[in-house]
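Values in this document were obtained by computation on a predicted structure and should not be read as measured data. Chain identifiers are assigned alphabetically (A, B, ...) following the order of the sequence lines, protein sequences preceding nucleic acid strands; residue numbering begins at 1 within each chain.
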There are 2 protein chains.
Amino acid sequence: MKCSAPPAVRGRPREFDPDVALAAALRVFWTRGYEGASMAELTEAMGITKPSLYACFGNKEALFRKALDLYERDKLAYVGAALEAPTARGVAERLLRGALATHCGTSDPHGCLGVISTVACTNEVESIRAHVAARRASSEAALVERFKRASAEGDLPEGIDPAAMASCVTTVLQGLSVKAQDCACRSELEGAVDSFLSIWPSR
Amino acid sequence: MKCSAPPAVRGRPREFDPDVALAAALRVFWTRGYEGASMAELTEAMGITKPSLYACFGNKEALFRKALDLYERDKLAYVGAALEAPTARGVAERLLRGALATHCGTSDPHGCLGVISTVACTNEVESIRAHVAARRASSEAALVERFKRASAEGDLPEGIDPAAMASCVTTVLQGLSVKAQDCACRSELEGAVDSFLSIWPSR
DNA sequence: GAACCTATATACCGCTCGGTATGAAATGCT
DNA sequence: AGCATTTCATACCGAGCGGTATATAGGTTC
């Protein structure tokens, strides 16, 4: 088997890099939401024409799903890393600070693409909502497991229900995403995060 | 001056009740968001035709603003009432429980119309975002003042910044609105609220 | 070079969007 | 009765939407 080196493509070679184009599409979806992003805006940002987009990515929904994959892989990596913090409080702090950095930074659009998609998508694109909801559910389930472990390790006070506490943390995370979209000032959100962490129950 | 009793309207009388129609429009906006609500869906839900809608309410944006007024008057009354609770914790609890009842009930659409409008509105309808943001800002400012008073009264621990704590509470509120839209199960959100209140700093 | 394959560019499709012109129907005023 | 005025119902408007047909340009393989 010698199928490597030059991919040996037949026909005219593609003039754009799909990864670069997908990253550009992600920024548009992140800024406008799924329905707010028009094909015209997408193609312009990606620097390609509509037939090229459809040939390479399928259709708008398939493009969005690929963008969502990229988003979770690149921008939501902090979530997985946060779960490995040694204490429950450390997990919460990494999650909240990571959300602050990701959704309220200077180089990327503000807010969370998942939240935007969940809140904004209506009518026909319910499949996207379901897709995003499923991912979030699995992410929250992992946090619940992590907090159950923390509870067993005596890392959370006995009166605290791990699952409810995980739900509380994700609630704050999603609230931060909403506020990041219109407040624009990171300092206020940092205050909210600091407050939440300051009332975190000590073991 | 005898200008009362019969309004003495000239011309063909209107065949629908604007208040009822506006309430129906509110439900549509609440469910679909501003951009997701089409004029066809609105007119059908309101039981009137498009010319009647435009004659009575102006245009889609004006209709939305009137619906937003109705929403805040009818559905967000608990916010003002919450501020009159005797303690800061009581204020927070009334706000959170009120949000739960309003955004996660059985008779109304789930989620918060303000959050939906902020997150979903893109492009041209930025004026609506600004309008909603201004209202939320004034609401949050009132909460900050209330917490400052609580702090002065020794109702909040000294290490807690009232403004940051207010921001934290509104963050949770908005997070609840997001979760209410896709989780559907109120019990989980009650757990999040209970957790938050259970870690509330005692004076 | 010829055959073949694939990406590009342009123009176009049907559809839905928010918004409106037009004429008929229903009331109060005189 | 007849007129003025306002609402109602139907049909329509231009614009933008997601998606595509067609033809040309740019490559590899033989």
>> Between the base of dA25(D) and the side chain of R12(A), is there a donor and acceptor pair under 3.5 angstrom?
In response: yes

> Within 45 degrees of the axis of the six-membered ring of F29(B) and under 6.0 Å from its centre: does R27(B) put its NZ or CZ there?
Replying inline: no

> Which comes earlier along DNA chain C counting from the 5' end, the contact point of P13(B) or that of F16(A), where each point is its nearest nucleotide?
Replying inline: F16(A)

> Side-chain donor or acceptor of K50(A) under 3.5 Å from a matching atom on the base of dG19(D)?
Replying inline: yes

>> Tell me the interatomic distance from E41(A), atom CD, to dA15(D), atom P, rounded to whole angstroms.
In response: 20 Å

>> The side chain of S38(B) is closest to which nucleotide in this list: dC17(C), dT6(C), dT20(D)?
In response: dC17(C)

> At under 4.0 Å between heavy atoms, what does P51(A) touch on the DNA or RNA strands: base, sugar-phosphate, or nothing?
Replying inline: base

> Would one find a side-chain N or O of S52(A) under 4.0 angstrom from OP1 or OP2 of dT8(C)?
Replying inline: yes

>> Could you tell me how far apart E61(B) (CD) and dG19(C) (C1') are, to the nearest whole angstrom?
In response: 14 Å

> Taking atom CG of L143(B) and atom OG of S167(B), what is their separation to the nearest 0.5 Å?
Replying inline: 9.5 Å

>> Can you classify the ring geometry of F64(A) versus Y34(A) as parallel (below 30°), tilted (30 to 60°) or perpendicular (above 60°)?
In response: perpendicular

>> Could you tell me how far apart Y54(B) (OH) and dA21(C) (P) are, to the nearest whole angstrom?
In response: 12 Å

>> If you assign I48(B) and G11(B) each to the DNA chain D nucleotide with the nearest heavy atom, which residue ends up on the more 5' nucleotide?
In response: G11(B)

> With the threshold set at 4.0 Å, does a side-chain nitrogen-carboxylate oxygen contact exist between E140(B) and R136(B)?
Replying inline: no

> Can you find a heavy atom in the side chain of Y54(B) that is under 4.5 Å from one in the side chain of L63(B)?
Replying inline: no

> How many Å lie between NZ on K60(A) and P on dC17(D), as a whole number?
Replying inline: 9 Å

> Of all the nucleotides listed (dT7(D), dG19(D), dA7(C)), which has the minimum atom distance to the side chain of R14(B)?
Replying inline: dT7(D)

> Roughly, in whole Å, what's the span from CG in L53(B) to P in dT6(D)?
Replying inline: 19 Å

> So does R10(B) reach the base of dA4(D) with its side chain, donor to acceptor, closer than 3.5 Å?
Replying inline: no

